[in-house]
Amino acid sequence: MRVLLTGAAGFIGARVQQKLVDAGHDVVAIDVMLPAAHGVGAVVPENVRLVDVRDADALDSVLRGIDVVCHQAAVVGAGVNAQDAPAYASHNDLGTAVLLAAMDRAGCRRLVLASSMVVYGEGRYRGAVEVGVRRPEDLANGMFEHRDPDSNEVLSWEPVPENAPMRPRSLYAAAKVAQENYAAAWAAVTGSGVTALRYHNVYGPDMPRDTPYSGVAAIFRSALEAGEPPQVFEDGRQARDFVHVSDIAAANLAAVEFAHTGFVPLNIASGRPITIGAVASALAAARGGPEPVITGRYRPGDVRHIVASPDQAHRILGFTARVDPLDGLAEFAYAPLRAVAGAGAPVA
């Protein structure tokens with residue numbers, strides 16, 4: 001198949017491109033090369049065209065003859081402050097809307113969308129108890145778990161399914177919800193097929209380093225490389241699912257080859273939960289220390305637990321993550337990282 005891949009020069013996009021090419025697909029790769037993601041003055045890779053997904057005319061050109069679009073392009077990270085909102089709305093929301101309109105003009109009816117676990121906000125808790133933002137007095141007293149609003153008992157988490165409500169807690173999350181909503185509406189209006197891959201915590205070689213938008217695994221790794229202990233917030237028992245970038249690429253390949261109509265969201269996760277403290281400890285052990293420091297510090301709006309059920313991705317795509325997080329993190333401890341000189345989200 002002929003595949004248009006957006007965000008192709010990025011950490012995830014580059015791995016997806018290689019996976020698609022290795023599988024025999026004809027890939028048209030584009031990227032806008034944002035300094036926040038690639039550094040100031042970054043060179044466009046030879047196999048990537050410099051195209052902004054907000055440029056309708058450019059999209060009309062590259063979409064000719066395309067069978068499926070694999071949309072990885074996005075401003076990523078949680079959104080460090082409210083001033084980042086225009087960048088998320090412009091690149092993620094508007095960019096996706098412009099792309100969908102161009103796909104309609106080109107008669108391209110299949111989209112694989114890079115979404116994220118952040119659309120859920122908090123994860124799922126046993127008994128289907130709905131939770132909100134944790135109580136300030138609990139956080140100040142070192143009580144980081146959610147409590148049942150009726151009994152006051154500590155709640156335990158369970159894997160979140162794809163039909164869980166979407167309750168974004170960050171600017172990035174709000175943008176990902178918007179992307180999914182635009183894509184779902186487009187699929188309904190045009191009779192097209194959208195597979196929304198909700199990535200959980202992605203890590204692996206060539207991950208960006210030393211920016212406030214980097215993932216926590218890269219931040220811990222950078223601290224260790226500098227001879228400093230990883231700083232773990234709260235009590236380190238926050239549950240997450242860490243999925244290797246090679247598995248993310250495999251999920252995208254499976255989704256590109258999955259023909260359907262309608263909107264299908266899928267959790268893309270390892271299925272092997274791990275705590276943030278365990279991530280820091282695994283990286284420290286692989287590098288020979290220093291040991292992580294559990295700081296007790298917290299951010300009031302942070303999500304406590306978010307762990308996925310990958311069962312639906314297995315049933316529909318036949319996808320199962322291959323890399324165990326402990327093995328992958330041990331390898332990641334010495335993997336090359338991407339040096340990014342850009343600071344913060346783009347301004348436009």
Side-chain angles (χ1 to χ4, degrees), residues 12 16 68-72 74 76 92-93 96 100 110-132 146 155-170 172-189 191-202 238-245 247-274 303-322 325:
I12 293 174
V16 172
V68 56
V69 173
C70 189
H71 186 30
Q72 307 295 318
V76 300
N92 298 6
D93 304 6
T96 299
L100 292 169
R110 293 185 53 213
L111 174 70
V112 176
L113 174 66
S115 188
S116 171
M117 66 174 188
V118 297
V119 299
Y120 300 118
E122 272 289 346
R124 184 180 176 92
Y125 288 83
R126 292 199 170 96
V129 176
E130 291 187 9
V131 299
H146 284 284
L155 295 169
S156 54
W157 61 264
E158 61 184 17
V160 61
E162 286 83 355
N163 63 358
M166 294 195 287
R167 297 191 179 97
R169 289 273 191 90
S170 68
Y172 176 59
K176 283 296 170 186
V177 170
Q179 284 184 297
E180 285 202 16
N181 285 339
Y182 275 113
W186 173 81
V189 168
S192 301
V194 175
T195 309
L197 304 180
R198 292 175 179 168
Y199 303 159
H200 284 249
N201 294 73
V202 186
Q238 309 94 307
R240 297 291 189 273
D241 190 304
F242 279 73
V243 57
H244 196 271
V245 67
D247 285 323
I248 293 291
N252 273 276
L253 172 61
V256 162
E257 295 178 344
F258 169 53
H260 68 102
T261 58
F263 180 82
V264 177
L266 298 172
N267 285 318
I268 304 301
S270 74
R272 284 157 277 193
I274 189 171
V303 170
R304 177 60 177 174
H305 303 296
I306 176 67
V307 170
S309 169
D311 292 346
Q312 189 155 297
H314 178 71
R315 286 196 303 271
I316 292 175
L317 297 183
F319 167 77
T320 300
R322 291 180 171 272

- Message: Does either side chain, that of Tyr199 or that of Asp241, offer a donor lying less than 3.5 Å from an acceptor on the other one?
- Response: no
Taking the side chain as C-beta and beyond, is there a heavy-atom pair between [X] and [Y] under 4.5 Å?
X: His260; Y: Thr195; result: yes
X: Leu113; Y: Gln179; result: yes
X: Met166; Y: Glu180; result: yes
X: Tyr120; Y: Asn267; result: yes
X: Val177; Y: Arg167; result: no

Minimum heavy-atom separation for [X] and [Y], please, with both atom names.
X: Val307; Y: Pro273; result: CG1-CG, 3.5 Å
X: His146; Y: Gly132; result: CE1-O, 2.9 Å
X: Pro159; Y: Ser309; result: CB-N, 3.7 Å
X: Ala251; Y: Leu317; result: O-CD1, 4.1 Å
X: Ala321; Y: Ser270; result: CB-CA, 3.7 Å
X: Val160; Y: Arg124; result: CA-CB, 4.0 Å

- Evaluate the side chain to side chain contact (heavy atoms under 4.5 Å, CB included) criterion for residues Arg198 and Ser116: first the C-alpha distance (whole Å), next the side-chain angles of each, then the deciding distance (0.1 Å), finally the verdict. CA-CA 4 Å; Arg198 292 175 179 168; Ser116 171; 5.9 Å; no
Would you compute the distance between atom [atom1] of [X] and atom [atom2] of [Y] and round it to the nearest 0.5 angstrom?
X: Arg304; Y: Gln238; atom1: CZ; atom2: CD; value: 5.0 Å
X: Phe263; Y: Asn181; atom1: CZ; atom2: CG; value: 7.5 Å
X: Leu266; Y: Glu162; atom1: CG; atom2: CD; value: 5.5 Å
X: Asp247; Y: Phe319; atom1: CG; atom2: CZ; value: 4.5 Å
X: Leu197; Y: Ile248; atom1: CG; atom2: CD1; value: 7.5 Å
X: Arg110; Y: Thr261; atom1: CZ; atom2: OG1; value: 11.0 Å

- Could you list the residues that satisfy side-chain hydrogen bond (donor to acceptor under 3.5 Å, both in side chains) with Arg240, not counting sequence neighbours? none
- Could you check Val69 against Val112 for side chain to side chain contact (heavy atoms under 4.5 Å, CB included), going step by step and ending with a plain yes or no? CA-CA 6 Å; Val69 173; Val112 176; over 6 Å; no
- Task: Applying side chain to side chain contact (heavy atoms under 4.5 Å, CB included), run through His244 and Arg322 and close with a yes or a no.
- Result: CA-CA 9 Å; His244 196 271; Arg322 291 180 171 272; over 6 Å; no
- Item | Aromatic plane relationship, Tyr125 with His305 - under 30° parallel, 30 to 60° tilted, over 60° perpendicular | tilted
- Message: Keeping Lys176 on the side-chain end and Pro168 on the backbone end, is there a donor-acceptor pair under 3.5 Å?
- Response: no
- Within a radius of less than 6.0 Å around NE2 of His314, do more than 12 heavy atoms belonging to other residues, nucleotides or ligands occur? no
- Task: For Tyr182, enumerate each residue passing the side-chain contact (heavy atoms from CB on, under 4.5 Å) test, keeping only those at least two apart in sequence or located in another chain.
- Result: Ala97, Leu100
- Check against side chain to side chain contact (heavy atoms under 4.5 Å, CB included), Ser192 and Leu111: CA-CA 8 Å; Ser192 301; Leu111 174 70; over 6 Å; no
